[in-house]
2 protein chains.
Amino acid sequence: MRILRQHLSENGLKLTRQRLSIAEQFLDCEGHLSAEELYHQLSDGSQRVGLATVYRTLKMLVDAGLAQVRHFPDGTARYENVYGEPAHDHLICVECGRIIEVENPLLQELYQRSFDLYGFVASGHRLVITGVCGPCQNSR
Amino acid sequence: MRILRQHLSENGLKLTRQRLSIAEQFLDCEGHLSAEELYHQLSDGSQRVGLATVYRTLKMLVDAGLAQVRHFPDGTARYENVYGEPAHDHLICVECGRIIEVENPLLQELYQRSFDLYGFVASGHRLVITGVCGPCQNSR
DNA sequence: ATCACTGCAAAGTCTTTGCAACGAC
DNA sequence: GTCGTTGCAAAGACTTTGCAGTGAT
């Protein structure tokens with residue numbers, strides 16, 4: 001929230017009712033929200049916002065460094081709250097669609113080390129592992 | 001090619017001129033092709049095919065295990081020739097858009113080991129690292 | 001009062017689908 | 001001859017944009 005206000009004032013942007021609603025709802029949620037999902041969550045309340053505004057605000061949250069986009073295999077962009085969250089990877093079960101988040105600091109470190117070879121300086125990564133999750137293994 | 005024929009006959013599918021053109025062109029190419037790009041490459045030749053057919057055939061190549069889809073940050077699906085290719089990861093430069101492929105068997109192994117903990121059996125993975133590539137570092 | 005923001009609807013992408021003609025087996 | 005395939009154009013999903021009115025500073 002602090003970061004958001006700072007980003008706004010630094011860029012001559014305004015803190016509107018809509019941006020506040022969207023940011024609050026978004027930052028409250030763990031996990032991966034699509035613009036559409038966020039839009040529906042907000043339409044329940046009295047503070048309705050347009051879908052276009054949700055898209056615009058999410059993009060702004062990315063600029064502010066509070067969110068990250070990720071394009072999932074279903075073709076939709078999903079946004080993830082990134083503030084204070086440790087880096088993590090995703091396991092996606094091809095049977096049930098479940099998304100599991102994994103933290104593995106060791107991997108993070110290896111990434112950077114191996115990519116140094118290419119003179120490449122990493123600023124972020126997205127790792128998606130597809131496979132079959134435990135529960136689905138068992139129910140086979 | 002062999003695999004393709006086998007996949008076709010196993011599933012009662014037919015080997016058409018179009019499928020042949022698309023598969024040849026696709027398997028010849030290294031890297032990441034979008035349906036649109038493949039379509040344009042093919043439209044140069046005498047063997048024109050419809051864009052819809054390119055989409056349908058690429059999907060079929062995925063089923064046959066010859067291709068992999070990947071959704072890139074630009075929102076398009078890109079297909080990658082996967083036959084006999086070692087597993088590899090991608091570095092994407094946020095400045096110039098360049099895509100660098102990296103092989104790192106050590107990482108591959110670590111993946112599986114760490115995800116075993118979750119009872120998760122991986123069948124594939126997509127790792128995308130974003131950052132700034134060597135040339136772009138230098139030109140700063 | 002200014003200038004950014006919003007909502008809506010229209011436009012834009014990328015991809016899929018319906019359908020009649022076509023072609024591989 | 002059968003039944004999968006093709007090409008086209010229309011439809012669909014997701015996202016962006018134009019614009020006139022609205023609102024934060």
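Letters A, B, ... are given to chains in the order of the sequence lines, protein chains preceding strands, and every chain is numbered from 1.
- Here C:dC25 presents its P atom at 10 Å from CG of B:Leu20, a figure rounded to the nearest Å.
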#### Entry: B:Arg48 vs B:Tyr39, side chain to side chain contact (heavy atoms under 4.5 Å, CB included): CA-CA, chis, key distance, verdict
CA-CA 8 Å; B:Arg48 309 191 75 267; B:Tyr39 171 69; 4.1 Å; yes
### Task
Starting at the 5' end of nucleotides 1-12 of chain C, put B wherever the base has a protein heavy atom under 4.0 Å, S where only the sugar-phosphate does, and a dash everywhere else.
--BSSSBB----
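- Phosphate proximity of D:dT15 to A:Tyr55: present, with a side-chain N or O under 4.0 Å from OP1 or OP2.
- In this structure, the CZ atom of B:Arg5 is 14 Å from the C1' atom of C:dC25, given to the nearest Å.
- Of the two residues near DNA chain C, B:Leu15 and B:Arg78, the one whose nearest nucleotide lies more 5' is B:Arg78.
- Atoms CG (B:Leu4) and C1' (D:dT5) sit 14 Å apart, rounded to a whole Å.
- Considering all non-hydrogen atoms of both residues, B:Arg78 and B:His32 come closest at NH1-O, 3.1 Å.
- To the nearest angstrom, P of D:dT16 lies 10 Å from CG of A:Leu58.
- When all heavy atoms of A:Glu36 and A:Leu51 are compared, the pair lying nearest together is OE1-CD2, 4.1 Å.
- Counted within 6.0 Å of CZ on B:Arg5, heavy atoms from surrounding residues, nucleotides or ligands total 12 or fewer; the atom is thus considered open.
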### Task
Using the side chain to side chain contact (heavy atoms under 4.5 Å, CB included) rule, take A:Met60 and A:Asn11 through it: C-alpha gap first, then chi angles, then the decisive distance, then the call.
CA-CA 11 Å; A:Met60 191 210 64; A:Asn11 294 83; over 6 Å; no
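- In this structure, A:His71 places its NE2 atom 16 Å from P of C:dT13, rounding to the nearest Å.
- Between A:Asn11 atom CG and D:dA24 atom C1' there is a gap of 16 Å when expressed in whole angstrom units.
- Contact detail for B:Ile3 and B:Ala64: the closest heavy-atom pair is CG2-O, 3.8 Å.
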